[in-house]
Amino acid sequence: MITNFRAVRAIYVFEMARAGRTLLQSIVSPVLSTSLYFIVFGAAIGQRINEIDGVPYGAFIVPGLIMLLLLTQSVANASFGIYFPRFTGTIYEVLSAPVSYGEIVLGYVGAAATKSIVLGLIVLATAALFVPLHIAHPVWMLTFLVLTAVTFSLLGFIIGIWADGFEKLQLVPLLVITPLTFLGGTFYSIGVLPPPWQTVALINPVVYLISGFRWSFFETADVHVGVSLGMTLAFLAACLAVIAWMFRTGYRLKT
């Protein structure tokens with residue numbers, strides 16, 4: 001049960017302050033990298049593909065690029081945020097305080113999700129400078145943005161507890177998250193794939209996240225928005241279940 005909100009606030013404020021101290025790495029670098037994706041893919045491929053599902057290609061890739069940033073940064077922020085105190089030993093200061101595991105998760109995951117959401121909104125504002133954007137369902141757009149950021153921050157927290165070295169910290173994001181994102185319809189609709197590959201693509205859970213988020217912009221999607229929302233909530237529940245299992249079966253925040 002979460003009752004010590006002062007402790008949650010202290011962890012949250014500390015993590016957000018760390019992002020402020022590393023502004024170039026935490027904010028500027030991811031935004032520039034994503035903007036380069038937008039410029040390169042929008043300019044190179046956009047000359048050959050005018051529209052997808054009636055949406056100009058430059059605008060079509062914006063939700064995918066935001067999701068690409070959101071997924072990678074949520075995992076990176078949360079995993080590093082909990083792993084670094086374990087690595088340096090400062091986690092014992094948190095463990096010696098009257099703070100429950102739930103409050104620790106809320107503090108670290110909340111900060112990681114907040115940073116990712118801010119980055120996503122900055123990229124959205126930057127993209128609007130290059131292409132005309134109209135968000136058909138702003139509330140649903142924010143819903144998918146927040147749910148995805150929280151879900152993958154929880155996944156990052158799991159990775160940060162599981163990892164016993166910086167190599168393992170990068171293993172899942174590089175070998176799993178990034179490939180699934182690129183193959184999940186970031187730069188294309190899975191409708192352009194041959195039928196057998198469309199079926200294979202539906203195994204990728206990232207397809208549902210990007211599809212639902214893109215629907216909130218253009219009312220066009222590879223899968224029904226209800227299915228996308230359900231898959232997102234299911235992934236969120238699975239991450240919470242894994243964290244609860246870790247704490248219950250012996251995984252601890254100690255090194």
Side-chain angles (χ1 to χ4, degrees), residues 1-19 22 26 70-119 143-178 180-181 205-206 208-209 229-255:
M1 183 179 294
I2 297 172
T3 57
N4 191 349
F5 289 99
R6 292 183 63 183
V8 174
R9 181 180 179 276
I11 295 172
Y12 179 89
V13 170
F14 178 82
E15 286 297 301
M16 294 302 294
R18 182 167 59 83
T22 58
S26 301
L70 201 69
L71 269 56
T72 54
Q73 289 299 311
S74 295
V75 171
N77 287 331
S79 60
F80 185 81
I82 189 59
Y83 176 77
F84 192 70
R86 293 176 59 232
F87 176 75
T88 59
T90 55
I91 191 65
Y92 289 101
E93 297 177 6
V94 178
L95 295 176
S96 62
V99 186
S100 69
Y101 285 131
E103 290 156 356
I104 292 173
V105 171
L106 183 59
Y108 281 106
V109 169
T114 300
K115 287 183 278 187
S116 300
I117 292 169
V118 170
L119 283 171
T143 300
F144 276 107
L145 192 73
V146 172
L147 284 177
T148 304
V150 172
T151 300
F152 278 80
S153 294
L154 287 168
L155 178 61
F157 190 88
I158 293 170
I159 295 170
I161 296 176
W162 166 76
D164 54 10
F166 283 100
E167 294 80 8
K168 280 190 175 182
L169 205 63
Q170 299 297 323
L171 188 64
V172 174
L174 290 177
L175 298 183
V176 179
I177 303 299
T178 301
L180 287 179
T181 305
V206 177
Y208 300 91
L209 304 178
L229 181 61
M231 289 293 290
T232 305
L233 292 173
F235 196 8
L236 173 64
C239 288
L240 287 171
V242 170
I243 290 177
W245 174 83
M246 280 181 153
F247 291 150
R248 188 170 59 248
T249 58
Y251 272 89
R252 293 295 183 265
L253 300 178
K254 303 176 183 178
T255 54

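What you see is a predicted model; the values in this text were computed from it and never measured.
- Nearest approach of Met16 to Thr114, heavy atoms of both residues: CE-CG2, 3.8 Å.
- Summarising the geometry of Ala76 relative to Ser79, their closest heavy-atom pair is O-OG, 3.2 Å, with the distance given to 0.1 Å.
- Residue Leu119 comes nearest to Gln73 through the heavy atom pair CD1-CG, 3.8 Å, listed as atom of the first residue, atom of the second, then distance.
- Residues passing the ring-ring contact (aromatic ring centres under 6.0 Å, His included) test with Phe84 are Phe80, sequence neighbours excluded.
- Residues Tyr108 and Ile11 meet the side-chain proximity criterion, which asks for heavy atoms closer than 4.5 Å.
- Expressed to the nearest 0.5 Å, how far CG of Leu240 lies from CZ of Phe235 amounts to 11.0 Å.
- Under the 4.5 Å side-chain criterion, counting only non-hydrogen atoms from C-beta, Val75 is not in contact with Val172.
- Rounding to the nearest 0.5 Å gives a distance of 12.5 Å between CD1 of Ile82 and CD1 of Ile158.
- Looking at Phe152 and Thr72, their side chains never come closer than 4.5 Å, going by heavy atoms from C-beta outward.
- Distance check, rounded to the nearest 0.5 Å: OG1 of Thr178 to CD of Gln170 gives 9.5 Å.
- Across every non-hydrogen atom of Ala78 and Ser153, the tightest pair is CB-O, 3.0 Å.
- Residues passing the side-chain hydrogen bond (donor to acceptor under 3.5 Å, both in side chains) test with Ser96: none are found, sequence neighbours excluded.
- In this structure, OG1 on Thr148 lies 6.0 Å from CG on Leu70, to the nearest 0.5 angstrom.
- Taken from OH in Tyr101 to CE in Met246, the straight-line distance is 12.5 Å, to the nearest 0.5 Å.
- In this view, Ser116 and Ser74 satisfy the side-chain hydrogen bond (donor to acceptor under 3.5 Å, both in side chains) rule, not counting sequence neighbours.
- The minimum heavy-atom distance between Ile177 and Thr181, with the atom names listed, is O-OG1, 2.7 Å.
- Distance OG1/Thr151 to CE/Met231: 11.5 Å, rounded to 0.5 Å.
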